[in-house]
Amino acid sequence: MQHDARGETPPRAGGRLIYLMGPSGSGKDSIIDQARPALQALGVVVVRRVITRSAEAVGEAAHSVSLQQFQALREQGGFALDWQANGLSYGIPVEMDRWLAAGQWVVVNGSRANLPQARSRYPHLLPVLISVSAAVLARRLKDRGRESAEEIEARLARNALVSAGLGADVHDLDNSTSLADAAQRLLDILREAGLPTQKA
Ligand SMILES: Nc1ncnc2c1ncn2[C@@H]1O[C@H](COP(=O)(O)OP(=O)(O)O)[C@@H](O)[C@H]1O
Ligand SMILES: O=P(O)(O)OC[C@H]1O[C@H](OP(=O)(O)OP(=O)(O)O)[C@H](O)[C@@H]1O
């Protein structure tokens with residue numbers, strides 16, 4: 001990983017940042033995985049997050065690091081965006097800025113609570129909010145089986161706290177039916193936003 005210093009001003013990006021967000025368990029990783037081949041074919045880059053999650057925690061194409069490693073990366077300017085949630089630290093590698101500057105469209109798995117910070121660095125980002133009912137969310141988190149009952153409760157409580165007031169420009173992506181439908185909707189949103197249908 002290259003660790004450029006984090007700039008004070010937002011990089012002038014020729015590409016577009018797709019900021020995918022939604023409660024933990026709403027399906028962000030699953031939708032990205034489902035859409036990955038189509039995104040790749042369209043030249044859209046999916047950013048790999050850095051997370052202070054144990055390497056044994058399966059189910060996401062993320063880079064797991066210790067808290068110490070995360071803090072060192074952060075101090076070196078290794079993250080374009082970073083935040084804390086659910087007792088974990090999450091970072092988006094600063095390499096993303098080079099892809100954007102080169103004109104590429106880039107998808108990140110973001111945080112609703114961190115959207116204001118993301119908007120201040122990337123004023124032209126495309127916000128997409130994944131929604132599912134509270135009941136479906138509870139069932140999916142339980143079935144995912146990665147967290148304890150207590151951790152799941154904390155995630156559900158956080159869902160209730162930060163689901164409103166994100167902005168009128170936010171695109172809704174319902175994930176209460178199939179992953180195939182949700183992935184198709186994501187691709188439709190990108191096309192409606194002007195993503196070229198063929199790789200440049
Ligand atoms: N449309 C769907 N139908 C059925 N199960 C789903 C669907 N979307 C996600 N899931 C399941 O819900 C759980 C949470 O999804 P995940 O992608 O890990 O969410 P997030 O990345 O938002 O935390 C996973 O076990 C996943 O397999
Ligand atoms: O501000 P919020 O929108 O509530 O975001 C809560 C956190 O959960 C999301 O990660 P993810 O869903 O991957 O969490 P998990 O896989 O650790 O459950 C998101 O990237 C945030 O880090």
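Both ligands and their constituent atoms are indexed starting at 1 by order of listing.
Close approach of ligand 1 to Ser26 is summarised as follows: ligand atoms under 4.0 Å from at least one heavy atom of the residue are 19 (O), 22 (O). Near Asp29, the atoms of ligand 1 lying under 4.0 angstrom from a non-hydrogen atom of the residue are 17 (O), 21 (O). Listed by number with element, the atoms of ligand 2 under 4.0 Å from a non-hydrogen atom of Arg146 are 15 (P), 16 (O), 17 (O), 18 (O). Proximity to Ser178 (heavy-atom distance under 4.0 Å) selects the following atoms of ligand 1: 1 (N). For ligand 2, the atoms closer than 4.0 angstrom to any heavy atom of Trp83 are 20 (O), 21 (C), 22 (O). For ligand 2, the atoms sitting less than 4.0 Å from at least one non-hydrogen atom of Ala113 are 1 (O), numbered in the order shown with element in parentheses. Of all atoms in ligand 1, numbered sequentially from 1 with element shown, those under 4.0 Å from a heavy atom of Gly27 are 9 (C), 15 (O), 16 (P), 17 (O), 19 (O), 20 (P), 22 (O). Proximity to Ser111 (heavy-atom distance under 4.0 Å) selects the following atoms of ligand 2: 1 (O), 2 (P), 3 (O), 5 (O), 21 (C). Ligand 1 places these atoms under 4.0 Å from at least one heavy atom of Leu179: 1 (N), 2 (C), 7 (C), 8 (N). The distance from ligand 1 to the heavy atoms of Ser30 drops below 4.0 Å at these ligand atoms: 9 (C), 15 (O), 16 (P), 17 (O), 26 (C), 27 (O). Here is the list of ligand 2 atoms found below 4.0 Å of a heavy atom in Arg53: 15 (P), 16 (O), 17 (O).
Ligand 2 lies nowhere less than 4.0 angstrom from a heavy atom belonging to Met21. Not a single heavy atom of Asp143 sits less than 4.0 Å from an atom of ligand 1. Residue contacts with ligand 1: Ala182 is excluded, as none of its non-hydrogen atoms falls under 4.0 Å. Heavy atoms of Ser24 come nearer than 4.0 angstrom to ligand 1 in at least one pair. Within the 4.0 Å heavy-atom cutoff, Arg144 counts among the residues contacting ligand 2.
Proximity of Pro37 to Leu39: side-chain heavy atoms (C-beta onward) are nowhere separated by under 4.5 Å. Here the side chains of His171 and Leu129 are not in contact, with every heavy-atom distance at 4.5 Å or above. In this structure, the side chains of His63 and Ile51 stay at 4.5 Å or more apart for every pair of heavy atoms. Looking only at side-chain heavy atoms (C-beta outward), Ile92 and Asp82 stay at 4.5 Å or farther from each other. Pro23 is listed as a side-chain neighbour of Arg112, based on a closest heavy-atom distance under 4.5 Å.
The closest non-hydrogen atom to atom 13 (O) of ligand 2, taken over Arg155, Arg49, Lys28, Glu151, comes from Arg49. Heavy-atom proximity to atom 19 (C) of ligand 2, evaluated over Ser24, Gly27, Gly110, Ser26, is greatest for Gly110. The heavy atom nearest to atom 25 (O) of ligand 1, out of those in Lys28, Arg144, Arg139, is found in Arg144. Closest heavy-atom approach to atom 11 (C) of ligand 1 among the candidates Met21, Arg140, Lys142: Arg140.
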- Begin from the C-alpha positions of Tyr122 and Asp97 and carry the test side-chain hydrogen bond (donor to acceptor under 3.5 Å, both in side chains) through to its verdict. CA-CA 10 Å; Tyr122 303 98; Asp97 287 347; 2.5 Å; yes
- Item | Step-by-step salt bridge (charged side-chain N to carboxylate O under 4.0 Å, His left out) determination, Arg119 to Asp169 | CA-CA 12 Å; Arg119 281 191 194 277; Asp169 60 335; 2.8 Å; yes
- Do Asn175 and Asp181 pass the side chain to side chain contact (heavy atoms under 4.5 Å, CB included) test, and can you show the C-alpha distance, the side-chain angles, and the key distance before you say yes or no? CA-CA 8 Å; Asn175 185 31; Asp181 285 350; over 6 Å; no
- Please step through salt bridge (charged side-chain N to carboxylate O under 4.0 Å, His left out) for the pair Lys28 and Asp33, ending with a clear verdict. CA-CA 9 Å; Lys28 299 179 294 297; Asp33 276 347; over 6 Å; no
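With Leu20 as reference, Leu186 is the one residue of Asn109, Ile189, Leu186 to meet the side-chain contact (heavy atoms from CB on, under 4.5 Å) rule.
Proximity of the aromatic rings of Tyr90 and Phe70 is defined here by a centroid distance below 6.0 angstrom, and this criterion is not met.
Here the side chain of Arg48 pairs a donor or acceptor atom with the backbone of Ala62 at under 3.5 angstrom. Of the possible donor and acceptor atoms, one in the side chain of Glu151 sits under 3.5 Å from a partner among the backbone N and O of Ser148. Under a 3.5 Å cut-off, the side chain of Arg16 and the backbone N or O of Gln104 do not form any donor-acceptor pair. Here the side chain of Thr52 pairs a donor or acceptor atom with the backbone of Ser89 at under 3.5 angstrom.
Contacts between Asn86 and ligand 2, counted as non-hydrogen atom pairs separated by less than 4.0 Å, involve the side chain only. Residue Arg158 touches ligand 2 through its side chain alone, judged by heavy-atom distances below 4.0 Å. Contacts between Pro23 and ligand 1, counted as non-hydrogen atom pairs separated by less than 4.0 Å, involve the backbone only. The proximity of Ala85 to ligand 2, defined as any non-hydrogen pair under 4.0 Å, is limited to the side chain. At a heavy-atom distance under 4.0 Å, only backbone atoms of Thr177 (N, CA, C or O) approach ligand 1. Neither the backbone nor the side chain of Ser176 has any atom closer than 4.0 Å to an atom of ligand 1 (non-hydrogen atoms only).
Checked by distance only, ligand 2 and Leu88 stay at 3.5 Å or farther apart across all their nitrogen or oxygen atoms. Of the N or O atoms in Asn109, none lie within a sub-3.5 Å distance of an N or O in ligand 1.
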